[in-house]
Every structure is written in C-alpha cells, then in structure tokens.
Amino acid sequence: MSKIVMIFAGQGSQAVGMGKDFYENSKTAREMFTKAGERIGVDFKELIFEENEKLGQTAYTQPAILLVQMIAYKLFKEACPNINAELFLGHSLGEFSALCASGAIDYVDAIELVHNRGKFMQSACEKIEAGMMVLVGLNDESVEKVCSDARANGKKVWPANYNQDGQLVVAGMKSDLVSLEKIFKDAGAKRAILLDMSVASHCELLEPAQEPLAQLLLSMVSDSFEAPIVSNVTTKRYNTKEEAVSLLKDQLVKPVKYKQSILAISDDVDMAIEFGNGITLKGLNRRIAKNLKTLNISDMASLAKVTEEICS
C-alpha cells in the first residue's frame with residue numbers, strides 16, 4: 001500500500017464558489033457548513049458562494065479555506081476508510097487543517113481557532129502598513145542577504161514563504177518592501193510583486209498575536225494524532241499537543257519552509273493528496289520533487305477520480 005502525505009494549502013488558495021459542488025451534492029458537506037457557521041456566527045454559503053469583501057479578509061479567509069479542505073478530507077475518508085496518512089503537511093494556514101485532519105482538534109473548534117488567528121493577525125498589523133511581496137527568479141541566499149542588509153539599516157523585512165526554487169515571499173513593512181523592489185531586481189529577481197494583503201505573515205510583526213493564539217491552542221488541541229505532522233517551522237515531524245502549541249505559535253513569526261519540508265519527506269512517501277480548492281501545492285510539488293506524485297480533491301469529480309485510483 002502506498003505511503004501517503006495528506007497536504008493542505010494556505011491563504012491565496014481561496015476562490016468564490018469553492019466547495020459549492022460538495023455542498024450541493026453531499027449531506028455531510030451541508031452539515032459541516034451549518035455547524036461551522038453556527039460556531040462563529042457566519043453564513044458560509046454567503047461568504048463563499050457570493051461575491052463579497054469578507055472572503056478577502058484574513059479572519060474570514062482562513063475559516064473558509066479550512067472548512068472546504070476539511071469537507072474534502074471528510075468525504076475522502078468516508079469513501080476510503082481504510083486509507084490512512086503516513087504524514088500530514090500544510091502550507092501556513094494549511095498546517096491547521098493538517099492538525100485537524102490528524103484528529104488532534106475537532107473541525108468546528110479549528111474553525112473558531114483560525115477565525116481568531118486571523119483576527120489576531122489583523123490586530124497586530126492594523127496600526128502599521130504591513131505587506132508581503134513575491135519574488136520570482138532569485139535564489140534563497142540572495143533574498144536572505146537583501147533582507148538581512150535591509151534590517152541592518154533599520155528596515156523591517158523578512159523571508160516569509162519558501163515555496164520553490166526561484167519563488168520566495170517576503171513580508172514586512174509595505175514601504176520597506178517597496179523601497180527594496182529595485183534592489184531585489186538588481187540582485188537578479190525577474191519579478192517583485194507586492195501582494196494585495198494588509199497583514200505580514202510569518203515575520204516578527206506578528207509577535208503580538210503569538211500568546212493569544214497559544215492560549216487558544218492549549219484549550220483546543222488534544223494529544224490524539226493519527227499520524228505525525230510536518231512542521232512549517234522546522235521541517236521535522238511532531239505528534240504531541242505540547243509540540244503543536246509551541247510550533248504553531250512560532251509559525252506566526254517564522255518563515256514557512258514548504259520547499260524544504262517536501263524535500264525532507266519525499267523519500268519517505270509515495271504520494272501526496274491535496275485537499276481543498278485549487279492545485280496550488282500540486283503545482284509546487286511538481287517543481288520541488290518530480291518523483292512525488294500528487295493528486296488533488298477539490299470537487300465531487302476529483303473525489304471520484306482519486307477514490308477510484310487508490311481505494312478500489
């Protein structure tokens with residue numbers, strides 16, 4: 001039997017209408033929408049299926065993404081109860097979906113947790129002009145040096161997401177990011193694109209969010225892990241509540257090492273399955289570890305395709 005890593009994308013993977021096919025064709029999905037909405041007082045049908053400003057606000061983006069991911073995972077487990085994960089792995093927010101899929105937190109609690117995580121992140125950045133910038137075509141060492149030199153000169157910029165070779169996201173003060181655009185390009189970046197975000201994820205600007213998040217994690221996470229989770233912060237595996245609280249607290253202010261995590265596990269698994277909207281991680285995996293076959297489940301058709309391939 002194949003050794004499978006179950007994977008979950010982070011913010012940026014959302015889209016209006018995601019999960020609608022699940023909702024319209026699955027009683028389980030409809031029940032999960034209802035329970036999630038009751039927990040945090042949000043009409044998820046309105047939030048996800050209709051054009052609105054809230055879906056782009058991190059306090060709502062995060063629970064919306066997690067809900068659709070957990071529906072996809074739940075429906076897969078209903079169809080393939082004998083297929084178990086060797087490992088779980090998420091990108092940023094996706095690590096909370098991984099925690100949920102592992103069994104260490106109930107999905108409704110996880111909805112409340114990431115809703116509040118988004119609020120804590122917004123609160124930490126509301127009085128400053130924070131932002132994020134994606135860099136294309138520049139190696140990690142060059143990005144790290146530009147950021148380090150900039151911080152030595154009083155600027156607030158940090159590497160935030162190591163996605164793949166030649167694609168790294170940096171975070172910090174928006175004005176500092178803008179001021180470094182030419183320097184990044186002079187160093188070899190083909191593109192330096194400021195993202196439409198009002199928070200600076202995975203950098204020291206989010207320190208005020210750490211303790212409130214840790215307290216919620218302490219109250220919600222258990223020691224029941226079906227399989228280990230690969231940490232964004234360390235690329236190592238963990239399977240205890242104590243580690244989860246510490247590492248997910250650190251994840252707010254430390255870079256997401258997605259590329260390094262996939263490379264660290266690629267020899268130990270045969271296949272990855274991405275759950276939720278889009279194929280963000282499938283695309284990254286193709287460029288990080290060509291030998292790692294990645295499937296995705298984002299609607300009823302892809303669910304049927306994957307279950308036919310690996311569960312029959």
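Using a 4.5 Å heavy-atom cutoff, the side chains of Leu217 and Leu113 are in contact. Using a 4.5 Å heavy-atom threshold, the side chains of Phe33 and Leu47 count as separate. Looking at Asp165 and Lys259, their side chains come closer than 4.5 Å, going by heavy atoms from C-beta outward. Side chains of Val42 and Pro63 form no contact here, defined as non-hydrogen atoms less than 4.5 Å apart. Between Met121 and Leu206, some side-chain heavy-atom pair lies under the 4.5 Å cut-off. Residues Tyr23 and Ile71 have side chains not in contact (no heavy-atom distance under 4.5 Å, counting atoms from C-beta outward). For the pair Leu67 and Phe22, the minimum side-chain heavy-atom distance is 4.5 Å or more. Taking the side chain as every heavy atom from C-beta outward, Leu216 and Phe120 approach each other to under 4.5 Å.
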Next item on the list: Go through the steps for Glu181 and Lys185 under the test salt bridge (Lys or Arg N to Asp or Glu O under 4.0 Å), then give the verdict.
Entry: CA-CA 6 Å; Glu181 182 176 349; Lys185 288 184 175 178; 3.3 Å; yes
Next item on the list: Determine, step by step, whether Asp250 and Gln210 satisfy the side chain to side chain contact (heavy atoms under 4.5 Å, CB included) criterion, reporting the C-alpha distance in whole Å, the side-chain angles of both residues, the deciding distance to 0.1 Å, and the verdict.
Entry: CA-CA 7 Å; Asp250 281 351; Gln210 286 188 283; 4.0 Å; yes
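Surrounding NZ of Lys155 are more than 12 heavy atoms belonging to other residues, nucleotides or ligands, all under 6.0 Å away. Within 6.0 Å of the NZ atom in Lys77, the count of heavy atoms belonging to other residues, nucleotides or ligands exceeds 12.
Sorted by first and then second residue, the salt bridge (charged side-chain N to carboxylate O under 4.0 Å, His left out) pairs involving residues 98-112 (not counting sequence neighbours) are Arg39-Asp109, Arg39-Glu112. Residue pairs meeting the salt bridge (charged side-chain N to carboxylate O under 4.0 Å, His left out) criterion with at least one partner in residues 215-244, sequence neighbours excluded, are Arg237-Asp268.
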Per-pair distances, 0.1 Å, donor-acceptor, side chain in residues 85-94, under 3.5 Å, sequence neighbours excluded:
residue	atom	partner	partner atom	Å
His91	NE2	Asn163	OD1	2.8
Ser92	OG	His202	NE2	2.6

Under 3.5 Å donor-acceptor pairs involving side-chain atoms of residues 188-200, not counting sequence neighbours:
none

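A donor-acceptor pair shorter than 3.5 Å can be found between the side chains of Gln11 and Thr58. A donor-acceptor pair shorter than 3.5 Å cannot be found between the side chains of Thr28 and Lys74. Looking at Ser179 and Asp176, their side chains never bring a donor and an acceptor atom within 3.5 Å of each other. Residues Ser97 and Gln69 bring a donor and an acceptor atom of their side chains to less than 3.5 Å of each other.
Pairing each heavy atom of Leu75 with each of Met300, the nearest pair is CD1-SD, 4.2 Å. Shown here for Ser26 and Ala29, the closest heavy-atom pair between the two residues is OG-N, 3.1 Å. Closest heavy-atom contact between Val68 and Asn277: CG1-N, 4.3 Å.
Apart from Ile279 itself, the hydrophobic cluster it occupies contains nothing, where clustering links Ile, Leu, Val, Met, Phe, Trp and Tyr at side-chain heavy-atom distances under 4.5 Å.
Tracing side-chain contacts under 4.5 Å through hydrophobic residues (I, L, V, M, F, W, Y), one reaches Ile65 starting from Tyr60; they form part of the same cluster. Each of Val136 and Val146 belongs to its own hydrophobic cluster when Ile, Leu, Val, Met, Phe, Trp and Tyr are linked at side-chain heavy-atom distances under 4.5 angstrom. Cluster annotation: Tyr162 is connected to Met133 through the hydrophobic network of ILVMFWY side chains, with a link wherever side-chain heavy atoms come within less than 4.5 Å. Ile7 and Leu66 fall into different hydrophobic clusters, where Ile, Leu, Val, Met, Phe, Trp and Tyr are joined by side-chain heavy atoms under 4.5 Å apart, directly or via other members. In this structure, Val108 is a member of the same hydrophobic cluster as Leu99, with clusters built from ILVMFWY side-chain heavy atoms closer than 4.5 Å.
The closest donor-acceptor contact from the side chain of Ser123 to the backbone of Lys119 lies at 3.5 Å or more, if one exists at all. No side-chain donor-acceptor contact under 3.5 Å links Gln14 to the backbone of Ala64. Judged purely by atom type and a 3.5 angstrom limit, Asn296 has no side-chain atom pairing as donor or acceptor with the backbone of Ser302. In this structure, Ser231 contributes its side chain and Val233 its backbone to a donor-acceptor pair below 3.5 Å. Between the side chain of Glu129 and the backbone N or O of Lys174, no donor-acceptor pair lies under 3.5 Å.
Tyr107 has its ring centre no less than 6.0 Å from the ring centre of Tyr73.
Here the rule is side-chain contact (heavy atoms from CB on, under 4.5 Å) with Leu168, and of Pro159, Pro255, Ser142 only Pro159 fits it.
For the atom pair Thr280 OG1 and Phe8 CZ, the distance stands at 14.0 Å (nearest 0.5 Å). For the atom pair CD1 of Ile310 and CD of Glu308, the computed distance is 11.5 Å after rounding to the nearest 0.5 Å. The CD1 atom of Ile273 sits 9.5 Å away from atom OG1 of Thr294, with the distance rounded to the nearest 0.5 Å.
Considering only residues two or more places apart in sequence or on other chains, Glu309 meets the side-chain hydrogen bond (donor to acceptor under 3.5 Å, both in side chains) condition with Lys293.
With respect to Glu211 and Lys249, a salt bridge is recorded, a charged nitrogen being found less than 4.0 Å from a carboxylate O.
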